[in-house]
K.L.:
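Submitted below is the structure of interest, expressed as C-alpha cells.
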Amino acid sequence: MAETLRRVLSRGSAAGSGENTAEAGPPLLLLGGPGSGKTALLFAAALEAAGEGRGPVLFLTRRPLQSLPRGTRAALDHLRLQKIRLQYPPSTRELLRFLCSAHEARGPAPSLLLLDGLEEYLAEDPGPQEAAYLAALLLDTAAHFSHRIGPGGGCGLIVTLQTQEEGDIGDALQLSLLQRYFPAQCWLQPDAPGPGQHRLRASLEPGGLGPRAEWWVTFRPDGEMTVTPWPTQAGDPSSDKGSSSGGQP
C-alpha cells in the first residue's frame, strides 16, 4: 500500500500527479520511534483513501485517538471522516476475533485496512508464531476484502510498528519476521526541528515496485503537518513549502 502513502506525501509537497489508483499494492509497514508521527501519517492515509470515492476505510487501534488532524482541507471534510470506521480492539484476543468476524461482515468492503500500534498487540504474545499468525491474518483479511471488491479494485493494508533502540535482538528478530509479510516499508527518523516544531525524515521503500523516495515531514505547534521533498528541504531547513496533509504525531 506504498502508493497511498506516497500520494499523501507527494501531494503534501506539491509533487503529486493528482491521479487516483485502484490498485492496492503490497502491504506496507510504517516504522518509527515513539512520537515520530506514525499515527498522523496513518490517519492522513485514511483521509486520502476516503476521498477516492471507493469503499470505506477501516482504522484499528488499541486506544482512542486523542485528536484528529487539523489545519487541512481533508481533515475538515465530514464526508471523508464519515467513511473512516474506527474500531478499538482492547487486546490481541479481541483483535483476532474482530479480524476473523470481518470475513462474515456485511456491507461495502473496506478499500483500506489500517492498524495502528502493532507492537502493543505483539507485546501480549511476543513469540514469533504469534507475530506470524497476526501478520498472516491481517493479510488474509485484506485479501478477503479485495475479493469482495472484485477486479479493478482491492483493499490496501498499512500497519504501524514502533521501533526500539538499536541492539535489541528480540526487536530485530521480530522486525525481520514481519518484513517477510510486509515487503514495503516506510521509516520515520527524527531530525533536529526548528523552534516549536517536530520534524522527521520519511524514507519510503516500496518493496521493489517503484523508486525509493524521501521527504521532510514537519509538525507545527498547532498540530499542522507540512511535507517537502527531502532534497529541497535538505538545502533549506527552514523551508516548509507545500500544502498540509495530516495532524499531530
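Sequential numbering from 1 along the given sequence is applied to the chain's residues.
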K.L.:
Would you say Cys186 and Ser203 make side-chain contact, with heavy atoms under 4.5 Å?
P.N.:
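The answer is no; the side chains never approach within 4.5 Å.
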
K.L.:
Side chains of residues 129-144: which donor-acceptor partners sit under 3.5 Å, not counting sequence neighbours?
P.N.:
residue : atom : partner : partner atom : Å
Asp140  : OD2  : His103  : NE2          : 2.9
Thr141  : OG1  : Leu137  : O            : 2.8
His144  : NE2  : His103  : O            : 3.2

K.L.:
Rounded to the nearest 0.5 Å, what separation is found between the CD atom of Gln179 and the CG atom of Leu175?
P.N.:
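The distance works out to 4.0 Å.
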
K.L.:
Does some side-chain heavy atom of Leu31 sit less than 4.5 Å from a side-chain heavy atom of Gln185?
P.N.:
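Yes, at least one pair of side-chain atoms sits under 4.5 Å.
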
K.L.:
First locate atom CG of Leu115, then atom CG of Leu95, and finally report the distance between them rounded to the nearest 0.5 Å.
P.N.:
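Going from CG on Leu115 over to CG on Leu95, the span is 6.0 Å.
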
K.L.:
For Glu124 and Arg93, run salt bridge (Lys or Arg N to Asp or Glu O under 4.0 Å): C-alpha distance rounded to whole Å, both residues' side-chain angles, the deciding distance at 0.1 Å, then the answer.
P.N.:
CA-CA 9 Å; Glu124 296 182 20; Arg93 180 178 180 180; over 6 Å; no

K.L.:
Going from OG1 on Thr92 to CG on Asp125, what distance comes out if it is rounded to the nearest 0.5 angstrom?
P.N.:
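Reported value, rounded in 0.5 Å steps: 5.5 Å.
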
K.L.:
Mind checking whether Phe98 and Leu58 have side chains closer than 4.5 Å, heavy atoms only?
P.N.:
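Yes, close enough: below the 4.5 Å cut-off.
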
K.L.:
Could you grab the distance from atom CG of Leu118 to atom CZ of Phe182, nearest 0.5 Å is fine?
P.N.:
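Between Leu118 CG and Phe182 CZ, I get 6.5 Å after rounding to 0.5 Å.
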
K.L.:
Got Pro56 and Pro108 here, is their nearest side-chain heavy-atom distance under 4.5 Å?
P.N.:
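Yes, their side chains come closer than 4.5 Å.
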
K.L.:
Does NZ or CZ of Arg62 come closer than 6.0 Å to the centre of the six-membered ring of Tyr88, within 45° of the ring's axis?
P.N.:
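The answer is no, since Arg62 fails at least one limit relative to Tyr88.
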
K.L.:
Between Leu177 and Leu173, is the side chain to side chain contact (heavy atoms under 4.5 Å, CB included) condition met? List the steps.
P.N.:
CA-CA 6 Å; Leu177 183 151; Leu173 292 174; over 6 Å; no

K.L.:
Is the closest side-chain heavy-atom distance between Glu119 and Leu161 below 4.5 Å?
P.N.:
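SC-SC contact between Glu119 and Leu161 confirmed.
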
K.L.:
Within a strict 4.5 Å, meaning less than it, do heavy atoms of the Val159 and Leu178 side chains meet?
P.N.:
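No, every pair of side-chain atoms sits at 4.5 Å or beyond.
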
K.L.:
Could you measure the distance from the CG atom of Leu114 to the CG atom of Leu41? Nearest 0.5 Å is fine.
P.N.:
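So the CG of Leu114 and the CG of Leu41 are separated by 11.5 Å.
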
K.L.:
Please round to the nearest 0.5 Å and tell me the distance separating atom CG of Leu60 and atom CZ of Arg85.
P.N.:
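Leu60 atom CG to Arg85 atom CZ measures 11.5 Å (nearest 0.5 Å).
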
K.L.:
Do Phe43 and Leu65 come within less than 4.5 Å of each other through their side chains, counting heavy atoms only?
P.N.:
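Phe43 vs Leu65: side chains touch.
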
